[in-house]
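Accompanying notes for the structure given below.
This structure is a prediction, so every number in the text was calculated from the model and none was measured. If you read the sequence from its start, that first residue is 1, and numbering goes on from there.
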Amino acid sequence: MTYVITESCIRCRYTDCVEVCPVDCFHAGEKMLVINPEECIDCNLCINHCPVDAIYAEDDVPDDQKEFIDINAKMSQIWPVLSTKEDPPSDADYWSKIKSKRHILTEE
Ligand code: SF4
Ligand code: SF4
């Protein structure tokens, strides 16, 4: 099993999660992070470090977020590893309250 980052991460990108991962399986895109399912060891450490509850165990991903299982698998092969916390975007707090924002992923 793996863990999966879902819609809530988009434009929040607080990156608190990356520092606790023992196997550096977080990969960072410009708008969100994803987890490499081939590297995740199911340790559960990251879930409680995400302030917007974006991370789920694969079996617990809500039905309306299941497309993010594929997004994590695909984009973790493309985006670089991030293992050190970065400053969040200046508007991260605003976006943390927006529930429906997956369309942003495909916008320029
Ligand atoms: S802590 Fe949560 S919102 Fe921040 S980068 Fe990690 S998964 Fe995304
Ligand atoms: S469950 Fe553990 S190994 Fe998997 S992404 Fe989270 S911290 Fe990393």
Side-chain angles (χ1 to χ4, degrees):
M1 195 176 71
T2 182
Y3 281 60
V4 177
I5 302 182
T6 61
E7 189 169 11
S8 297
C9 180
I10 297 171
R11 289 275 188 224
C12 295
R13 224 180 162 285
Y14 292 110
T15 69
D16 300 49
C17 52
V18 304
E19 300 245 330
V20 300
C21 181
V23 292
D24 293 347
C25 59
F26 285 89
H27 294 249
E30 186 184 337
K31 299 167 185 169
M32 73 175 291
L33 268 59
V34 293
I35 291 170
N36 184 338
E38 294 171 15
E39 301 288 337
C40 175
I41 57 170
D42 305 345
C43 71
N44 196 43
L45 281 175
C46 56
I47 278 194
N48 291 334
H49 284 80
C50 176
V52 295
D53 299 329
I55 306 174
Y56 291 87
E58 184 174 13
D59 290 348
D60 298 332
V61 174
D63 285 345
D64 70 348
Q65 299 289 308
K66 290 218 184 282
E67 69 182 286
F68 284 91
I69 296 173
D70 277 349
I71 290 171
N72 278 243
K74 286 180 185 160
M75 301 319 291
S76 63
Q77 301 301 312
I78 297 170
W79 293 341
V81 169
L82 181 69
S83 55
T84 306
K85 182 172 167 51
E86 295 180 341
D87 291 335
S90 57
D91 55 358
D93 288 346
Y94 167 79
W95 284 107
S96 72
K97 298 177 183 69
I98 306 295
K99 294 292 178 206
S100 180
K101 51 186 175 178
R102 68 186 66 182
H103 59 283
I104 292 169
L105 266 189
T106 52
E107 290 174 355
E108 285 302 316

Taking C-beta and beyond as the side chain, do [X] and [Y] meet within less than 4.5 Å on heavy atoms?
X: Cys21; Y: Cys46; result: no
X: Ile71; Y: Leu105; result: yes
X: Met32; Y: Phe68; result: yes
X: Ser83; Y: Phe26; result: no
X: Arg102; Y: Gln65; result: yes
X: Leu33; Y: His27; result: no
X: Asn72; Y: Tyr3; result: no
X: Thr15; Y: Arg13; result: yes

Where do [X] and [Y] come nearest, in terms of heavy atoms and distance?
X: Pro22; Y: Leu45; result: CD-CD1, 4.2 Å
X: Leu82; Y: Glu86; result: CD1-OE2, 3.4 Å
X: Glu58; Y: Val4; result: CA-CG2, 4.1 Å
X: Ala92; Y: Pro88; result: CB-CB, 4.0 Å

Check your understanding: Is there a side-chain contact (heavy atoms from CB on, under 4.5 Å) between Trp95 and Ile10 once you walk through the steps?
Key -> CA-CA 8 Å; Trp95 284 107; Ile10 297 171; over 6 Å; no

Output the distance between atom [atom1] ([X]) and atom [atom2] ([Y]), rounded to the nearest 0.5 Å.
X: Asp91; Y: Ile98; atom1: CG; atom2: CD1; value: 10.5 Å
X: Asp64; Y: Lys99; atom1: CG; atom2: NZ; value: 11.0 Å
X: Lys97; Y: Cys12; atom1: NZ; atom2: SG; value: 9.0 Å
X: Thr6; Y: Asp60; atom1: OG1; atom2: CG; value: 11.5 Å
X: Ile55; Y: Ile5; atom1: CD1; atom2: CD1; value: 5.0 Å

Practice item. Would you kindly confirm whether Tyr56 and Met1 end up in one hydrophobic cluster when ILVMFWY residues are joined by side chain heavy atoms under 4.5 Å apart? Key: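 Tyr56 and Met1: one cluster.
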
Determine yes or no for a side-chain-to-main-chain donor-acceptor pair under 3.5 angstrom, with [X] supplying the side chain and [Y] the backbone.
X: Lys66; Y: Pro62; result: no
X: His49; Y: Cys17; result: no
X: Ser76; Y: Val34; result: no
X: Lys101; Y: Ser8; result: yes

Practice item. Before giving the answer on side-chain contact (heavy atoms from CB on, under 4.5 Å), spell out for Glu39 and Asp24 the whole-Å C-alpha distance, their side-chain angles and the decisive distance to 0.1 Å. Key: CA-CA 8 Å; Glu39 301 288 337; Asp24 293 347; over 6 Å; no

Exercise for review: Indicate whether the side chain of Tyr14 and that of Asp87 have a donor and an acceptor atom separated by less than 3.5 Å.
Suggested key: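 Their side chains do not contain a donor-acceptor pair, so the 3.5 Å distance test is not met.
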
Determine whether more than 12 heavy atoms belonging to other residues, nucleotides or ligands lie under 6.0 Å from atom [atom1] of [X].
X: Asp42; atom1: CG; answer: yes
X: Lys85; atom1: NZ; answer: yes
X: Glu30; atom1: CD; answer: no

